[in-house]
2 protein chains.
Amino acid sequence: MITAKNCIIRLSRYKNALYRLQTLGFVKVFSDNLADAVGVTAAVVRKDFSVFGISGNKKGGYQIEILLEKINSILGKDRLQKVIVIGAGHIGSALMRYRGFEKEGIKIAAGFDIDPAKINRYNALPILPLEEVKDFIKSQGIKIAILAVPDIAAQEVLDLVCSCGIKGILNFAPLRLISPEGCIVNNVNLEIELENLIYFVNVAEKTK
Amino acid sequence: MITAKNCIIRLSRYKNALYRLQTLGFVKVFSDNLADAVGVTAAVVRKDFSVFGISGNKKGGYQIEILLEKINSILGKDRLQKVIVIGAGHIGSALMRYRGFEKEGIKIAAGFDIDPAKINRYNALPILPLEEVKDFIKSQGIKIAILAVPDIAAQEVLDLVCSCGIKGILNFAPLRLISPEGCIVNNVNLEIELENLIYFVNVAEKTK
DNA sequence: ATCATAATGTTACTTTTTTCACAATAACAA
DNA sequence: TTGTTATTGTGAAAAAAGTAACATTATGAT
Ligand SMILES: NC(=O)c1ccc[n+]([C@@H]2O[C@H](COP(=O)([O-])OP(=O)(O)OC[C@H]3O[C@@H](n4cnc5c(N)ncnc54)[C@H](O)[C@@H]3O)[C@@H](O)[C@H]2O)c1
Ligand SMILES: NC(=O)c1ccc[n+]([C@@H]2O[C@H](COP(=O)([O-])OP(=O)(O)OC[C@H]3O[C@@H](n4cnc5c(N)ncnc54)[C@H](O)[C@@H]3O)[C@@H](O)[C@H]2O)c1
């Protein structure tokens, strides 16, 4: 099922909102509750659901539990997703120390670095030398890598991990990387995020 | 000039590509060079430029230097943009140690934390107690804050800094924050980025 | 000077995304 | 059972974003 990126992002948001509602004791939800929680309109919610064949009950809304099951299955959250982090520097180690991914069923299986000082093989979350990345990817069946290496190394590391079977990359280097057919790159570009914010703040300032 | 977020993001990308081209010795550029560099079509480039009244020369393309000047002025990069970071934990300190923002004319003026152990008042980049944030924002005229505090604290910190005059927030907490009229929130939600990547990798896997 | 060319700038078209509107219908009340 | 109501699911309309096409016009060649 090929679908727009935005639609999948909204699914993630619905899921998060549903967990919150569940925590608050709710059992069912209406499209406009979810819409409010996520910041879209009710029609968008229902349309998104219809794309994935998710249906609710006329008058009764949606059972949160069932809804979560379906969304989780679509998003692949019904099974543990293992990822690796390449580059155990500032960003890389912040990510590796972060506990929030586990709650989401995303496990950082290992980190990799070229700096021998960073290697820590016997940790719960081991940091391994980059030379071992191929074996690790193959043996663990890893599909996703987070790239947190210096800008200059990013393309070469991408080429390496793609050649080892990685199919998706979350890249923190503020560069446009070229990826082989069949490998998806999502960029987290904080410079651009800030620039964007600065622009809109300045515009609001001016038009005030 | 009110414009779509995507259009501004593209402006940032054009700018980055232009600097690269300039480094390579180029003096002028055509819309399709830029399009290739950024991964859009030439028509988009020209349209984006026309929105901002940026014009080139029939046949001659665009002078990179002039183009950069105009884009930089639109993005507010012709003057130093000062931001603050709230929360000097894993993500917060990674950001504060990052040198990449300075190259972009973005200066992290200070960090703030509630943990006394994190305070470091006499550093080049001081980390100050949260109580001082109001005075700092006012005296330095700060408009932008990066939120890197625990999820649970994010909304309350947003309320605080907005009440002190902050107009734009880059939020790392995976929550939808409510912001007062006139304050823009951009979210960096890494869980959702990963979920998204996982979805599309899995879809590609299945349809193969 | 004149012409051919190459690239812009813009208008018209297409596609995608979002919103609107309402018929269909399950739930509940009388 | 019948009627009323509330909410879904969807098709049509509107808006936004992106693409294509081409008339326009500087530039350099002849
Ligand atoms: N730190 C931030 O806040 C921040 C913000 C925005 C963007 N980024 C981007 O994130 C990336 C990482 O930044 P950082 O601050 O963590 O850098 P860093 O220098 O702290 O860490 C980079 C790590 O990568 C390792 N490394 C270098 N080459 C490698 C290779 N070929 N294979 C494996 N590991 C290698 C280094 O040994 C180091 O440990 C950079 O592209 C940077 O532009 C960082
Ligand atoms: N670390 C990551 O890789 C990562 C990844 C994704 C999202 N996030 C999000 O980023 C945020 C920060 O994560 P982290 O890992 O850096 O957390 P952290 O616990 O390492 O750091 C949080 C810092 O905020 C400070 N703090 C707490 N309450 C505060 C308050 N009211 N005012 C000012 N400072 C306060 C703490 O003292 C601490 O230094 C969280 O919302 C987290 O969900 C982090």
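Numbered from 1 within each chain, the chains take letters A, B, ... in sequence-line order.
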Atom pairs under 3.5 Å: protein N/O with N/O of nucleotides 18-20 of chain D:
from   : atom 1 : to    : atom 2 : distance (Å)
D/dG18 : OP2    : B/R10 : NH1    : 3.1
D/dG18 : O6     : B/K47 : NZ     : 3.3
D/dT19 : OP2    : B/T41 : OG1    : 3.3
D/dT19 : O4     : B/K47 : NZ     : 2.7

To check you understand the geometry: which heavy-atom pair defines the closest contact between A/K59 and A/F30, and what is its length?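 Answer, listing the atom of A/K59 first, then A/F30: O-CE2, 3.5 Å.
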Check B/G76 against A/N202 and note the closest heavy-atom contact, atom names and distance.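 What the structure gives for the nearest pair is CA-ND2, 4.3 Å.
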Could you name each residue pair satisfying salt bridge (Lys or Arg N to Asp or Glu O under 4.0 Å) that touches residues 173-190 of chain B, not counting sequence neighbours?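 Of all non-adjacent pairs touching residues 173-190 of chain B, none passes salt bridge (Lys or Arg N to Asp or Glu O under 4.0 Å).
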Once you apply a heavy-atom cut-off of 4.0 Å, does B/A42 come out as touching a base, just sugar-phosphate, or nothing?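 If one applies the 4.0 Å heavy-atom cut-off, B/A42 turns out to touch nothing in the nucleic acid.
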Taking the side chain as every heavy atom from C-beta outward, state whether B/L95 and B/F101 have any atom pair closer than 4.5 Å.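 A side-chain contact under 4.5 Å exists here.
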Under a 4.5 Å cut-off applied to non-hydrogen side-chain atoms, are B/L160 and B/V133 in contact?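 Yes. Closest side-chain heavy atoms under 4.5 Å.
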For [X], give me all partners under side-chain hydrogen bond (donor to acceptor under 3.5 Å, both in side chains), at least two apart in sequence or on another chain.
X      : result
A/D32  : none
A/S179 : none
B/D48  : B/R10, B/Y14
A/N187 : A/N171

Residues of residues 59-71 of chain B with any non-hydrogen atom less than 4.0 angstrom from an atom of DNA chain C: list those, numerically ordered, please.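 Here the set is B/K59, B/G61, B/Y62.
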Enumerate the residues from residues 27-37 of chain B whose closest heavy atom to DNA chain C is under 4.0 Å, giving them by residue number; use none for an empty result.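 B/F30, B/S31, in order of number.
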With nearest nucleotides of DNA chain D determined for B/R46 and A/I54 from heavy-atom distances, which residue corresponds to the more 5′ nucleotide?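 Result: A/I54.
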Cut-off 3.5 Å, side chains only: do B/K82 and B/Q140 have a donor facing an acceptor?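 The answer is yes; a qualifying pair exists.
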Can you tell whether the side chains of [X] and [Y] come within less than 4.0 Å, N to carboxylate O?
X      : Y      : answer
A/E102 : A/K107 : no
A/E69  : A/K15  : no
A/K167 : B/E205 : no

Could you tell me the boundaries of the chain B footprint on DNA chain C, defined by atoms under 4.0 Å from its heavy atoms?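 That gives a stretch of C/dT5 to C/dA12.
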How sharply is the helix from C/dA1-D/dT30 to C/dA30-D/dT1 bent, taking the axes over five pairs at either end and rounding to 10 degrees?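 About 0°, once rounded to a multiple of 10°.
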Only counting residues at least two apart or in another chain, list the ones meeting side chain to side chain contact (heavy atoms under 4.5 Å, CB included) with A/V157.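 Counting only residues at least two positions away or on another chain, A/V157 forms a side chain to side chain contact (heavy atoms under 4.5 Å, CB included) with A/I86, A/L147, A/V149, A/A153, A/V161.
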Once side chain to side chain contact (heavy atoms under 4.5 Å, CB included) is applied, do any residues pair with B/N189, and if so which ones, sequence neighbours excluded?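 Only B/P174, B/E191, B/I192 meet the side chain to side chain contact (heavy atoms under 4.5 Å, CB included) criterion with B/N189.
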Whichever of B/G56 and A/K5 has its nearest DNA chain C nucleotide further upstream toward 5':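 Between the two, 5'-proximity favours B/G56.
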